[in-house]
Amino acid sequence: MAQLDFYPISVTYKVEKNAADTAPSAEMQPTIELYGRAIAENNQLRQACVKYEGFRPYFWVIPSQEAEEASQQLQQIKAENPELKVTGTEVHTKNYFGKEVKAVKVIVNIPAAVSQLREKAKEFGTVLEADIPFARRFMIDKRLMPVALYKTEFTPLTSAAAEEERKSKVPTYATQMLSQVSEEMHEPRILAIDIETHNPLGKTMLPEEHPILMAALCGEGFRKVLTWKKFPTQLDYIEFVNSEVELLERLKQHIEQYGPDILTGYFSDVFDLPYIRARAERYKIRLDIGLDGSQPRVEKTAANTTTDITGIVHIDVFKFIRKVMFSSLQTTVYDLSSVAKEILNQAKDDVDIDQLYMAWDNHHGEQLESYCAYNLQDAQLTLNLCRKLMPNIMELTRTIGLPMFDVSRMSYSQLVEWYLIRQAREFNELTPNRPSNQEESQRRMTSYTGGFVYEPTPGLYKDIVVFDFMSLYPTIISAHNVSPDTLNCSCCVNSIQNKVPGEESAWFCTKRRGFIPTVIDEVIKRRIRVKEILKAAGEDKTLNARQMALKTIANSMYGYFGFFGARWYNIECAKAITAFGRNHIQKVIEQAKNKGFRVIYGDTDSVFLALDGKTKEDVQGFVAEVNKSLPGMMELDYEGFYPSGIFVGTKGTGQGAKKKYALISEEGRIKIRGFETVRRNLSTIAKETQEKVLDIILRENNPEAAIEYAKGIVSDVRGRKTATAKMVITTQLQKEISSYESYGPHVAAAQRMKDQGIPAGPGSVIRYVVVTGSERIRDRVKLPEEVAEGEYDPEYYINNQIVPAVEKIFDVFGYDSAELAAEKTQKKLQAWFG
DNA sequence: CCATATCGGGG
DNA sequence: GTGTACGATATGG
């Protein structure tokens with residue numbers, strides 16, 4: 001026996017006959033295969049496979065009869081297929097929704113036996129955990145942490161296994177033991193891939209017909225574009241081959257030589273890898289890039305396609321961005337160009353991909369060269385994205401404790417759910433089943449009340465202090481023990497301590513901690529620890545990603561309770577959380593009023609108070625008093641002081657608008673919330689006017705001056721004195737021009753671009769100016785370059801841009817913005833008489 | 001108006 | 001393969 005230092009990166013399994021048993025009747029058994037990096041004799045890290053035998057699939061049955069008896073009978077159940085069998089049963093004491101139960105662990109020979117035998121087992125009671133994939137089950141049960149350092153004692157492989165090893169591309173070890181020695185991580189080796197294909201039909205792509213023309217690979221100190229039509233070039237990364245067949249062969253060789261831990265692409269689950277696989281199949285080429293000599297597996301399900309490679313983690317950056325990163329991104333268009341722009345601040349070269357097939361067919365060397373550069377750029381951007389997101393993907397992987405391949409494709413609800421499943425085992429809890437379709441559609445119907453909003457009286461306020469609850473919903477779950485297994489317990493019927501406010505009879509146990517609160521406590525505490533270390537250690541990408549991962553889990557828990565597909569779904573819990581939340585913020589508002597503060601505004605987890613001459617001590621006293629009365633980890637934080645702020649009304653009723661205000665900080669920074677005009681695509685002139693108007697009101701406290709300022713702008717615009725550059729309206733095209741139902745001005749502008757040979761497709765930034773005329777607006781749209789100074793339509797900009805941007809603000813002071821628009825007549829009359 | 005279908009990403 | 005999306009928007013009834 002020898003020692004092996006090993007970083008497991010991916011986990012899979014194989015089902016094969018017992019290697020030690022050479023008889024034809026040998027038993028089938030699963031072998032876990034861990035792929036990763038091992039420290040070799042020369043101290044270098046090299047790819048390796050570690051096999052683990054002896055872990056068996058199982059599921060649970062909570063029997064409706066006596067447990068020992070059920071155990072005996074379950075031992076006897078048989079599947080149609082005699083190769084699938086029960087190898088043993090055990091009775092355990094487990095927890096299920098807060099109750100101690102006797103459960104039978106039904107252990108079977110191979111994973112495929114679970115799906116067959118669970119049907120038979122249903123006759124004996126409730127079947128649980130029969131839908132947890134085997135590799136995940138292994139990681140959860142063995143507490144395996146991916147990418148961390150493990151020491152393992154390995155034994156020499158038997159001769160049959162050695163035979164097996166010849167199929168493997170990496171050295172293979174067998175082990176019976178894995179123990180984590182440190183959290184130290186291996187920095188994964190990443191290779192990005194991108195292909196360009198023959199595209200005579202535009203977006204319609206037919207892998208059976210259209211060949212791959214170019215393939216780019218990009219890694220650490222490695223970049224390559226393979227293509228099979230030659231042209232003169234100075235570009236050192238281009239490698240010419242003679243045919244598509246040779247391109248595929250070389251691609252395979254390069255990947256093998258580079259030896260990546262991670263192969264990444266953009267939409268490569270659905271496009272690049274399946275396409276390469278399809279082309280290879282057509283030529284009968286074995287695309288055996290898997291470390292066990294297997295080909296990429298394209299798995300298509302009803303609504304999702306993934307591509308898996310044994311031993312190499314395939315990361316589709318697009319999937320991770322759309323499922324997890326979207327919440328922190330501005331862009332709503334997830335093409336590589338928009339995403340790279342926002343995350344990396346790197347722009348993509350403008351290349352008209354529609355023309356690629358023509359350049360190829362006509363053997364246009366110069367153009368082909370630029371397409372090669374474009375191909376490489378896409379691979380480079382994908383690599384950069386993957387590198388940038390790697391700390392987040394790794395920390396999520398290490399937090400959830402499942403394969404990186406799986407975690408990088410999970411939505412928030414799945415991340416929370418699998419975190420809970422892993423924790424469930426630690427707390428001896430049984431994992432509930434997923435809802436049936438019928439149950440799911442029932443759940444979809446229910447809705448409930450959200451956060452509390454204290455409606456503001458429109459107006460200009462001075463000296464505002466803002467407070468908010470730190471992680472309101474996670475701390476409520478913890479403080480009030482909100483969990484399906486503590487809901488309406490029989491031991492606390494008359495207790496008022498955790499009674500849900502406003503609910504006739506709903507309460508949570510005050511004696512026994514629930515499963516979810518226990519888990520969320522741990523998450524919050526871990527995050528606090530990480531943040532402390534972070535504070536002491538300074539900026540650290542890994543630690544920051546770790547606290548983000550924990551924050552993600554904690555913040556998703558409330559939404560998870562109300563998510564129709566959740567195993568731990570509980571609408572009563574979701575309702576209770578918002579009810580407790582409303583109650584707490586209302587109590588804070590009450591306490592503030594009792595202390596003599598004037599309440600301006602409040603929303604879900606925050607309150608805005610007018611200081612009205614009160615001191616810093618008064619504020620501190622108030623916060624201290626509130627926090628003394630709050631249960632558990634709940635905490636009201638002082639968010640900030642604002643010398644001035646404006647709250648506007650809604651259009652119809654003139655009542656205070658929710659989530660719509662502007663504040664100025666002591667440092668003079670203006671914070672604008674919810675003015676839809678800020679979000680909408682406005683011209684620079686309208687944005688500038690809105691900002692300046694708010695600035696004058698908040699900074700100088702002088703609404704009259706703001707109105708005068710706006711009048712001046714209107715007069716300048718009307719006099720055509722404003723620079724055309726400020727009239728440019730910028731929007732992003734969401735789809736193909738032809739697919740727009742309503743032909744709005746931005747679509748007209750996009751068409752104009754296209755007519756001039758400028759590519760304009762989904763994601764393209766469209767810039768246009770509306771010029772004078774009596775036609776429809778869309779017929780008066782011009783590109784900025786086409787517009788002469790003073791050619792813009794003043795009335796359009798005044799009525800559709802400037803006035804809407806400021807009218808709600810002026811409403812607060814009783815000023816009718818119609819007067820602004822009517823400035824014309826006054827000016828003219830003045831000129832006439834003046 | 002509500003219910004159902006399609007799309008996104010990739011070339 | 002012990003399992004699989006989802007939310008927005010357009011179109012149809």
Side-chain angles (χ1 to χ4, degrees), chain A residues 12-15 30 56-60 84 106 108 110-119 121 127-138 140 193-207 209-214 265-276 297 299-306 308 316-323 326 331-339 351-357 360 371 374-375 378 382 402 406 409-414 417-418 421 431 433-434 444 563-565 567 734-736 739-742 761-763:
Chain A
T12 180
Y13 71 94
K14 284 211 168 54
V15 174
R56 293 298 168 131
Y58 66 89
F59 58 90
W60 295 98
L84 310 175
V106 181
V108 300
I110 56 170
V114 174
S115 62
Q116 300 281 311
L117 292 164
R118 69 179 170 204
E119 296 306 319
V127 172
L128 293 167
E129 302 191 16
D131 58 356
I132 295 175
F134 189 57
R136 292 190 187 185
R137 177 90 269 172
F138 175 79
I140 291 167
I193 189 166
D194 182 56
I195 60 166
E196 308 298 332
T197 63
H198 200 240
N199 57 349
L201 303 178
K203 272 184 95 68
T204 309
M205 286 166 268
L206 306 170
E209 286 174 38
H210 307 319
I212 297 171
L213 309 181
M214 297 163 185
Y266 202 83
F267 205 56
S268 45
D269 257 349
V270 190
F271 181 68
D272 300 76
L273 293 189
Y275 207 106
I276 293 168
R297 284 174 302 285
E299 273 155 40
K300 284 186 196 172
T301 54
N304 194 19
T305 302
T306 56
D308 195 4
D316 185 341
V317 176
F318 164 74
K319 283 238 170 101
F320 183 70
I321 286 170
R322 215 200 38 193
K323 293 194 169 175
F326 76 95
T331 182
T332 52
V333 178
Y334 295 110
D335 62 355
L336 182 56
S337 165
S338 314
V339 166
V351 167
D352 191 353
I353 197 71
D354 288 336
Q355 310 283 318
L356 169 59
Y357 79 98
W360 183 267
Y371 281 114
Y374 170 85
N375 189 197
D378 277 6
T382 304
L402 291 178
D406 300 18
R409 286 165 179 75
M410 283 181 176
S411 58
Y412 281 117
S413 64
Q414 285 173 295
E417 185 151 283
W418 285 98
I421 292 172
T431 294
N433 287 324
R434 296 166 48 82
R444 279 174 194 265
F563 169 58
F564 56 81
R567 291 171 189 260
Q734 298 294 328
K735 50 189 182 179
E736 288 299 339
S739 57
Y740 271 94
E741 188 79 355
S742 59

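Labels below follow one simple rule: chain letters A, B, ... track the order of the sequence lines, proteins then strands, and each chain is numbered from 1.
- Side-chain N/O atoms of A/T306 include none lying less than 4.0 angstrom from OP1 or OP2 on C/dA5.
- Residue A/S413 is in sugar-phosphate contact alone, with no base atom involved, counting any heavy-atom pair closer than 4.0 Å across all strands shown.
- Evaluation of the side-chain hydrogen bond (donor to acceptor under 3.5 Å, both in side chains) rule for A/R118 yields no partner, not counting sequence neighbours.
- For the P atoms, the distance from C/dA5 to C/dG1 is 12 Å, rounded to whole Å.
- Residues A/T301 and A/N304 bring no donor and acceptor atom of their side chains to less than 3.5 Å of each other.
- Taking only side-chain nitrogens and oxygens, A/R118 comes nearer than 4.0 Å to OP1 or OP2 of C/dG3.
- Of the possible donor and acceptor atoms, one in the side chain of A/N433 sits under 3.5 Å from a partner among the backbone N and O of A/V127.
- Set against B/dG10, C/dG3, B/dG11, the side chain of A/I353 has B/dG11 as its closest nucleotide.
- Contact check, A/R322 against C/dG7: no side-chain N or O comes under 4.0 Å of OP1 or OP2.
- Annotation: side-chain contact (heavy atoms from CB on, under 4.5 Å) contacts of A/E299 (sequence neighbours excluded): A/R297, A/T306.
- Side-chain proximity of A/N304 to the nucleotides B/dG10, B/dG9, C/dT4 is greatest for C/dT4.
- Using a 4.0 Å heavy-atom distance criterion, A/D378 is classed as a sugar-phosphate-only contact.
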Whether each nucleotide of nucleotides 2-7 of chain B has a protein heavy atom under 4.0 Å at its base (B), only at its sugar-phosphate (S) or at neither (-) is summarised, 5' to 3', as ------
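- Which of C/dT4, C/dT2, B/dG10 sits closest to the side chain of A/E299 comes down to C/dT4.
- Taking 3.5 Å as the limit, the base of B/dG10 and the side chain of A/K203 contain a donor-acceptor pair of atoms between them.
- Across all strands shown, A/L213 has no heavy atoms under 4.0 Å from either base or sugar-phosphate atoms.
- To the nearest angstrom, P of C/dG3 lies 18 Å from CZ of A/R409.
- Partners of A/I353 under the side-chain contact (heavy atoms from CB on, under 4.5 Å) rule, at least two apart in sequence or in another chain, are A/E196, A/N199, A/L356, A/Y371, A/Y374.
- When the nucleotides B/dG9, C/dT4, B/dG11 are ranked by their closest atom to the side chain of A/T301, C/dT4 comes out on top.
- At whole-Å resolution of the value, CZ in A/R137 and P in C/dG1 are 18 Å apart.
- The distance between atom CD of A/E417 and atom C1' of C/dC6, rounded to the nearest whole Å, is 15 Å.
- The listed nucleotides are B/dG11, C/dT2, B/dG9; the one nearest the side chain of A/I132 is C/dT2.
- Comparing atom distances between the A/F271 side chain and each of B/dG10, C/dA5, C/dG3 picks out B/dG10 as nearest.
- Residues that satisfy the side-chain hydrogen bond (donor to acceptor under 3.5 Å, both in side chains) test with A/D131, not counting sequence neighbours, are A/R567.
- To the nearest 0.5 angstrom, A/T382 atom OG1 is 6.0 Å from A/D194 atom CG.
- Proximity of A/Y13 to the phosphate of C/dT2: a side-chain N or O atom is located under 4.0 Å from OP1 or OP2.
- Rounded to whole angstrom, the span from the NZ atom of A/K323 across to the P atom of B/dG8 amounts to 17 Å.
- Nucleotide C/dT2 holds its P atom 14 Å from the CG atom of A/L402, rounded to whole Å.
- With both ends at atom P, the span from C/dG3 to B/dG9 equals 30 Å, rounded to whole Å.
- A/D354 comes within 4.0 angstrom of a nucleotide base, judged by non-hydrogen atoms across all strands.
- Note: CZ (A/F318) to P (B/dG11) measures 12 Å, nearest angstrom.
- Residue-level contact check: A/Y58 touches the bases, meaning some heavy atom is under 4.0 Å from a base atom.
- Closest to the side chain of A/R297, out of B/dG11, C/dG1, B/dG10, is C/dG1.
- Atoms CD1 and CZ, on A/I195 and A/F271 in that order, are 4.0 Å from each other to the nearest 0.5 Å.
- Between B/dG10, B/dG9, C/dT2, one nucleotide has an atom nearer to the side chain of A/P57 than all others, and that is C/dT2.
- Ranking C/dT4, B/dG11, C/dC6 by closeness to the A/F563 side chain, first place goes to C/dC6.
- Using a 4.0 Å heavy-atom cutoff across all strands shown, A/Q414 reaches no nucleic acid atom at all.
- A/K323 contributes a side-chain N or O that, together with a main-chain N or O of A/R409, makes up a donor-acceptor pair within less than 3.5 Å.
- Between C/dG3, B/dG10, B/dG11, one nucleotide has an atom nearer to the side chain of A/D131 than all others, and that is C/dG3.
- Between A/S411 and C/dC6, a side-chain N or O to OP1/OP2 separation shorter than 4.0 Å is present.
- One atom, CG of A/D308, and another, C1' of C/dT4, lie 13 Å apart when rounded to the nearest Å.
- Per the geometry, CE belonging to A/M410 stands 16 Å off C1' belonging to C/dC6, to the nearest Å.
- Heavy atoms of A/Y334 sit under 4.0 angstrom from primed sugar atoms or phosphate atoms, though from no base atom.
- Legend: residues meeting side-chain hydrogen bond (donor to acceptor under 3.5 Å, both in side chains) with A/T197, ordered by chain and number and at least two apart, are absent.
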